[in-house]
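Side-chain atoms are counted along with the backbone in the values below, which use heavy atoms only and exclude waters and symmetry mates. Throughout, protein chains are lettered first and strands after them, A, B, ... in sequence-line order, and every chain is numbered starting at 1.
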2 protein chains.
Amino acid sequence: MPLKNENLTRNQKIVLDLLKNTKEPLGAYTILTNIEKKGIKAPLQVYRALDKLIESGKVHKIESKNAYIICKNSNCNSLKSTSFLICEKCDSVSEIKRNNLKQDLSILSEESGFNYANHNLEIYGLCKSCGD
Amino acid sequence: MPLKNENLTRNQKIVLDLLKNTKEPLGAYTILTNIEKKGIKAPLQVYRALDKLIESGKVHKIESKNAYIICKNSNCNSLKSTSFLICEKCDSVSEIKRNNLKQDLSILSEESGFNYANHNLEIYGLCKSCGD
DNA sequence: ATATTACGTGTTATAATATAACATTTCATT
DNA sequence: AATGAAATGTTATATTATAACACGTAATAT
């Protein structure tokens, strides 16, 4: 049951607001540094807010970077799954939106007798701007 | 230039031997604990061995678990890319071997004007044994 | 053969990422 | 107002990973 924005708590809003205004993924301690002026003092406050935002699909974690980014898909169909294109040159990240990706990966899994639940896909390369 | 086994150094062999005999992915500090009796005393010795083993494709890192596992594909075509099926029940991990996966992901990337280089794919679910 | 170069090692310290534990506060709902 | 569920504030600590530097070893190029 994805939360609506109105249901966000103070700390969650602060963290989400910061991520809204940032293109690159941010580490938890970078987030902390950037919101200390708003009264957030401890890492745990950041991690707790991130946990909730991730649960509700508003934020995703990029595992290979230990960094967090806002979800731009208004109706992100995958709360637990993530699919990213990560530019190795400019560090920009975009989400793959193709909605049959989960299905494709599910089929791929079945080929090995594996029952798909969710996934993390992190593709590295050059984005449109950097790849020219 | 993938190293042959004969070229491995003492510490690399010790780490690789441990991973050879382990089904589940192991964290660096778990590895350390298990090879202290062989004279390895510091985390850095483990991380340095892992770095080299990863470079040569003998070991992969599972990013979402901060854990390391041996590569069973004798001719692992992807040194920098990884594709795993991870069982949420028994923690077993198997590599996806389908050799056109890189190509499929490359095509998928191109759809967004993104120039594919490599990827991490971590699929969670239930393995054959656990899924029944 | 020996000076050089490159790489691996051992060691200590520290950085970066993340969670445990517990007392307190907020806030919606009885 | 009383209750209960969840968020907060705070301190401490766990977990994962790297920096820095001195030393050793082995291949090789002059």
Side-chain angles (χ1 to χ4, degrees), chain A residues 1-19 22 24-56 58-69 82 91 120 122, chain B residues 1-19 22 24-56 58-69 82 86 91 93 120 122:
Chain A
M1 57 208 76
L3 296 174
K4 302 202 171 173
N5 267 7
E6 306 89 52
N7 295 332
L8 295 179
T9 66
R10 183 185 124 82
N11 289 359
Q12 289 161 23
K13 274 181 200 151
I14 291 173
V15 170
L16 189 63
D17 277 351
L18 175 64
L19 290 177
T22 312
E24 312 84 39
L26 298 180
Y29 282 74
T30 303
I31 293 173
L32 177 57
T33 301
N34 278 280
I35 60 179
E36 272 175 343
K37 51 193 155 197
K38 303 209 170 174
I40 307 291
K41 292 177 182 172
L44 197 45
Q45 294 175 291
V46 174
Y47 281 107
R48 286 200 280 227
L50 286 172
D51 282 348
K52 292 299 175 186
L53 293 169
I54 289 170
E55 265 180 35
S56 67
K58 296 196 173 311
V59 168
H60 297 307
K61 178 176 184 181
I62 302 180
E63 295 287 352
S64 60
K65 296 178 94 73
N66 293 317
Y68 305 85
I69 194 165
T82 56
D91 283 328
N120 299 325
E122 294 163 16
Chain B
M1 57 207 76
L3 298 174
K4 302 203 170 170
N5 266 6
E6 306 89 50
N7 295 332
L8 295 179
T9 66
R10 185 185 123 82
N11 288 0
Q12 288 161 23
K13 276 180 200 154
I14 292 173
V15 171
L16 189 62
D17 277 351
L18 175 64
L19 290 177
T22 313
E24 313 83 39
L26 298 180
Y29 282 75
T30 304
I31 292 173
L32 176 57
T33 301
N34 278 280
I35 60 179
E36 272 176 342
K37 50 194 156 195
K38 303 211 172 174
I40 307 291
K41 293 178 181 169
L44 199 43
Q45 296 175 289
V46 174
Y47 280 108
R48 286 201 280 226
L50 285 172
D51 282 348
K52 292 301 175 183
L53 293 169
I54 289 170
E55 266 180 34
S56 67
K58 295 195 174 313
V59 168
H60 297 307
K61 179 176 184 181
I62 302 179
E63 295 288 351
S64 61
K65 295 180 94 75
N66 294 317
Y68 304 86
I69 193 165
T82 57
I86 303 169
D91 283 328
V93 173
N120 299 326
E122 293 163 16

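- For the pair A:Asn7 CG and D:dA5 P, the computed distance is 19 Å after rounding to whole Å.
- The two residues B:Pro25 and B:Ala67 make their nearest non-hydrogen contact at CB-CB, 3.6 Å.
- The nearest whole Å value for the distance from the CG atom in B:Leu50 to the C1' atom in D:dT18 is 14 Å.
- Taking both residues in full, the closest heavy atoms of B:Leu50 and B:Ala28 are given as CD1-CB, 4.3 Å, listed atom of the first, atom of the second, then distance.
- Comparing C:dT12, D:dA17, D:dA7 by their nearest atom to the side chain of B:Leu44 picks out C:dT12.
- Summarising the geometry, the separation between CG on B:Leu8 and P on C:dT9 is reported as 10 Å, rounded to the nearest angstrom.
- Following rounding to the nearest Å, B:Glu36 (CD) and C:dG10 (C1') show an atom-to-atom distance of 14 Å.
- Closest approach to the A:Tyr47 side chain among C:dT17, D:dA17, D:dT10 is made by C:dT17 (side chain taken as heavy atoms from C-beta onward).
- Looking at which nucleotide of DNA chain C each of A:Pro43 and B:Gly39 is closest to, the 5′-most match is held by B:Gly39.
- Picking from C:dT11, D:dA17, C:dT19 the nucleotide with the shortest atom distance to the side chain of B:Tyr68 gives D:dA17.
- Among D:dC21, D:dA19, D:dT8, the nucleotide with an atom closest to any side-chain atom of A:Asn11 is D:dT8.
- B:Lys38 has its NZ atom 18 Å from the C1' atom of C:dT9, to the nearest Å.
- We find that CD of A:Gln45 is positioned 15 Å from C1' of D:dA6, with the value rounded to whole Å.
- The base of C:dA18 lies close enough to the side chain of A:Tyr29 for a donor and an acceptor atom to sit less than 3.5 Å apart.
- For the pair B:Arg48 CZ and C:dG10 P, the interatomic distance rounds to 8 Å; values are reported in whole Å.
- The CZ-P distance, from A:Arg10 to C:dT24, rounds to 21 Å in whole Å.
- Listed nucleotides: C:dT12, D:dT10, C:dT17. Nearest to the side chain of A:Asn66: C:dT17.
- Residue B:Lys65 is classed as having no contact, given no heavy-atom separation below 4.0 Å to the nucleic acid.
- The side chain of A:Lys52 has D:dA7 as its nearest neighbour among C:dT11, D:dA7, D:dT11.
- The shortest distance between the side-chain N/O atoms of B:Thr9 and the OP1/OP2 oxygens of C:dT9 is below 4.0 Å.
- Listed candidates were D:dC21, D:dT8, D:dT10. Nearest to the side chain of A:Lys41 is D:dT10.
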Inset, instruction - Tell me, with the steps shown, if A:Lys65 and A:Asp91 meet salt bridge (Lys or Arg N to Asp or Glu O under 4.0 Å). - result: CA-CA 10 Å; A:Lys65 296 178 94 73; A:Asp91 283 328; 3.7 Å; yes

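- Closest approach of A:Asn11 to A:Ala49, counting heavy atoms only: O-CB, 4.0 Å.
- Contact detail for A:Ile35 and A:Leu18: the closest heavy-atom pair is CG2-CD2, 4.0 Å.
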